[in-house]
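Read the numbers this way: they start at 1 and go in the same order the structure lists the ligands and their atoms. Heavy atoms only: backbone and side chains are in, while hydrogens, waters and symmetry mates are out.
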Amino acid sequence: MSNDCKKAYITTPIYYVNDVPHIGHAYTTIIADTLARYSRMIGLETLFLTGTDEHGQKIQEAAQKRGKKPQEYADEISAKFRDLWDYFDISYDKFIRTTDEKHKLGVQKAFEVMYEKGDIYKDNYEGFYCVSCETFFTKTQLIDNEFCPDCGKPTSIVKEESYFFRLSKYEDALLAWYEDKEKCILPKAKKNEVINFVKQGLHDLSITRTSFDWGVKLPESINDPKHVMYVWLDALMNYITALGYGTDEKDMDFWPATVHLVGKDILRFHAVYWPAFLMSLGLELPKHIGAHGWWTRNGEKMSKSKGNVVNPREVADAYGLENFRYFMLREVPFGQDGDFSQKALIDRINSDLSNDLGNLLNRIIGMSGKYNDFVIDSSDVLRFHEKEIKEAEAIIETLPAYLYDLQLNRYLEELWKILTLANQSIAVYEPWVKIKEGKKEEAMALVALVANLLAKTALMLSPVMPKTCETIADALGFTINHEHYRRLIEEKALLHTFMIKKVPPLFPKIEKELLKSEPKTATPASKETTKNRLDKEGLITIDQFFQTKLKIGTILEAEAVAKSDRLLKLKVDLGEPEPRQIIAGIRPYYTPEALVDTQVCVVANLKPAKIMGHLSEGMLLAAKDDEGLALIRPEKRKKSGTPVG
Ligand code: MSP
């Protein structure tokens, strides 16, 4: 993101209506909401779009299962998303549904333009389809010739007439775009994955289906009524049809999008197909596509069958909506997976929010009440505390860059340094001693310093915790808006003299977990589920595979274990504070010297065990045949601790 133009267009994915909203949906939407609030605060004309993706085989089947018409079913679930976002105070400007008439007309127009350009042709499709991911696969991409490589569910064979989009034609142009625009895909690691994918070669993309009818029909000019559009073509177009593409074109001046926020699982659609469609349409490409990681539960992917899906509404009700927002953004670096746990959430509330932030306001109220009848005057702040003010300003100057790079955790981490500075200033300058020494002026300058640091923090934190920051601002005699952002942040002004308002503690400490831990729903024994079948065949699901945490490790030290001609004792860096000790039976194949500073692949979540009296905290992966043993190593050097999978 950047503020190099006066408009900002921020989007979430449009959510499938085959299921009710969960924590993953809430995460993307909260990030987008934060960016939208920030961009409004800094004065950009902002359009924040979210909505629902309502066509396709998956939705048609989900509706059928419930004995409902697809439209009726879509109406019901789409309303649930809208309700949740309203309940969550999400500041979206537009909610698009792919069943909106205007959207359908826009998609048909786009199809026509691409067709006329010669980018669409008719042929026959033969391959595999995963309904759950709404994705086509070739046989070689499948797991064991049958299962979806993305979600592990069985695929079905598709053999039908189809229109194709000439994706292959755009391969070079896409690679040039990635090269030219350094931050077109964030974070960088995800961008590299996309580049590698495209470099392997792009096949033309099947973009219509004939075997079901719940989708947008082809434009009348093409006159082929048995086809409906592939749901991803239909869905991606939402980003421009919401602006009136192909109809009134009313908001097209918001294009190109500032940022499309997506989960890592749908990055390929956004970073490969979507820009290719846009090039074909002759439209500019989005400025940024930001791919976030997944929320897991105790390290496992969430799924209804496991009964471990976190309901965002329940969490927000129990712990407070804004605390939850803060936690989600602070806890996990953008792009990485994060594990949801009540303990981590409680720690953030009690430590960051209650101790560092809430307590600071209470201390300011307490001190100003005791020393000066709650009146705070900033006129002496620069005389006594110019250094601290300059320090805070220097921190604030670094913040936008984190936000534009979508590093919201870093943004918050840095912002918290202002709170640390404020809390430390109280400890260092001891205003209570100053009062005893009759230096009231100095004591009140300190109180005013801290109030100003809190005011600036509240402004910068407001996109993440809007209501809380309004309360803080109200106590400090100002309001959160563009005008105050300009004055207090851009112009570096201080607060006018004001009378602080007393407010009850903002973040009462949480003593115990407030949500009952979710029951483990056993897989019904009577049903022949995919899981049972996989078990019987000795196959595992992708979830089961990911229970094993594999990481890249760097060997720091290696030595022979005394009295063993087989074992080596290794110190391996897995990117954790301390290296792990691993005992490996590889001495016949490797000398200790040859191992130091090389990289290996480590099973990182094995229970520690003692081998010949030595603790071993992991296992190295290796392949052994008649000719001996070879360690499995990354093809290129990777950061220690990089997950493998
Ligand atoms: N309909 C498509 C998007 C079309 S956009 C043109 C879709 N919908 S979805 O409802 O299945 O998923 C929407 C988003 O939720 C994706 O970005 C996905 O990554 C995100 N999440 C789903 N589960 C998630 C977690 N457990 N954690 C974080 N986000 C995850 O895909």
Side-chain angles (χ1 to χ4, degrees), residues 10-32 49-59 62 74 77-78 80-81 84-85 95-99 103 106-107 110 130-135 148 150-151 153 190 214-216 229-242 257 259-275 277-278 286 289-304 306 308-312 315 328-329 331-341 406 542-543 546:
I10 294 159
T11 68
T12 71
I14 46 172
Y15 301 111
Y16 283 131
V17 291
N18 66 319
D19 205 355
V20 291
H22 62 69
I23 189 172
H25 304 127
Y27 182 51
T28 331
T29 310
I30 287 169
I31 298 175
L49 175 74
T50 189
T52 42
D53 187 356
E54 307 185 5
H55 288 130
Q57 197 172 348
K58 172 154 78 173
I59 310 300
I77 308 285
S78 177
K80 289 205 162 107
F81 275 96
L84 182 72
W85 304 148
F95 188 98
I96 190 166
R97 301 182 55 185
T98 52
T99 51
H103 168 78
V107 177
C130 173
V131 177
S132 181
C133 299
E134 296 281 19
T135 307
C148 169
D150 290 344
C151 71
K153 293 188 184 144
K190 294 276 179 269
W214 182 236
V216 181
M229 302 222 196
Y230 171 41
V231 64
W232 270 102
L233 174 72
D234 166 3
L236 287 162
M237 292 295 166
N238 93 88
Y239 300 129
I240 51 174
T241 61
V259 57
H260 292 310
L261 286 159
V262 300
K264 61 179 184 180
D265 53 318
I266 58 169
L267 178 60
R268 194 188 334 141
F269 299 95
H270 285 81
V272 182
Y273 303 169
W274 179 226
F277 294 157
L278 287 166
I289 300 166
H292 63 71
W294 272 54
W295 282 91
T296 55
R297 192 81 176 93
N298 301 322
E300 287 187 7
K301 198 171 161 183
M302 289 181 210
S303 76
K304 271 197 289 189
K306 281 193 214 127
N308 65 354
V309 177
V310 176
N311 176 340
V315 181
M328 293 198 100
L329 301 190
E331 190 68 10
V332 183
F334 186 82
Q336 292 182 22
D337 290 349
D339 201 51
F340 177 84
S341 85
L406 302 176
I542 197 136
D543 291 340
F546 279 114

**OP:** Check for a donor-acceptor pair, side chain of D339 on one end and backbone N or O of R297 on the other, with a separation under 3.5 Å.
**Re:** yes

Original post:
Is W214 reaching over with its side chain to a backbone N or O of E54, donor-acceptor style, under 3.5 angstrom?
Top reply: yes

Subject >> Near ligand 1, at a heavy-atom separation below 4.0 Å: residues by chain and residue number >> reply: P13, I14, Y15, Y16, H22, G24, H25, D53, W232, A235, L236, N238, Y239, V262, G263, D265, I266, H270, H292, G293, W294, W295

Original post:
Who are the side-chain hydrogen bond (donor to acceptor under 3.5 Å, both in side chains) partners of W295, not counting sequence neighbours?
Top reply: none

Subject >> side-chain hydrogen bond (donor to acceptor under 3.5 Å, both in side chains) partners for H270, two or more places apart >> reply: Y239

Original post:
Mind checking what makes side-chain hydrogen bond (donor to acceptor under 3.5 Å, both in side chains) contact with T98, not counting sequence neighbours?
Top reply: none

Subject >> N-O pairing of D265 and K301 below 4.0 Å >> reply: no

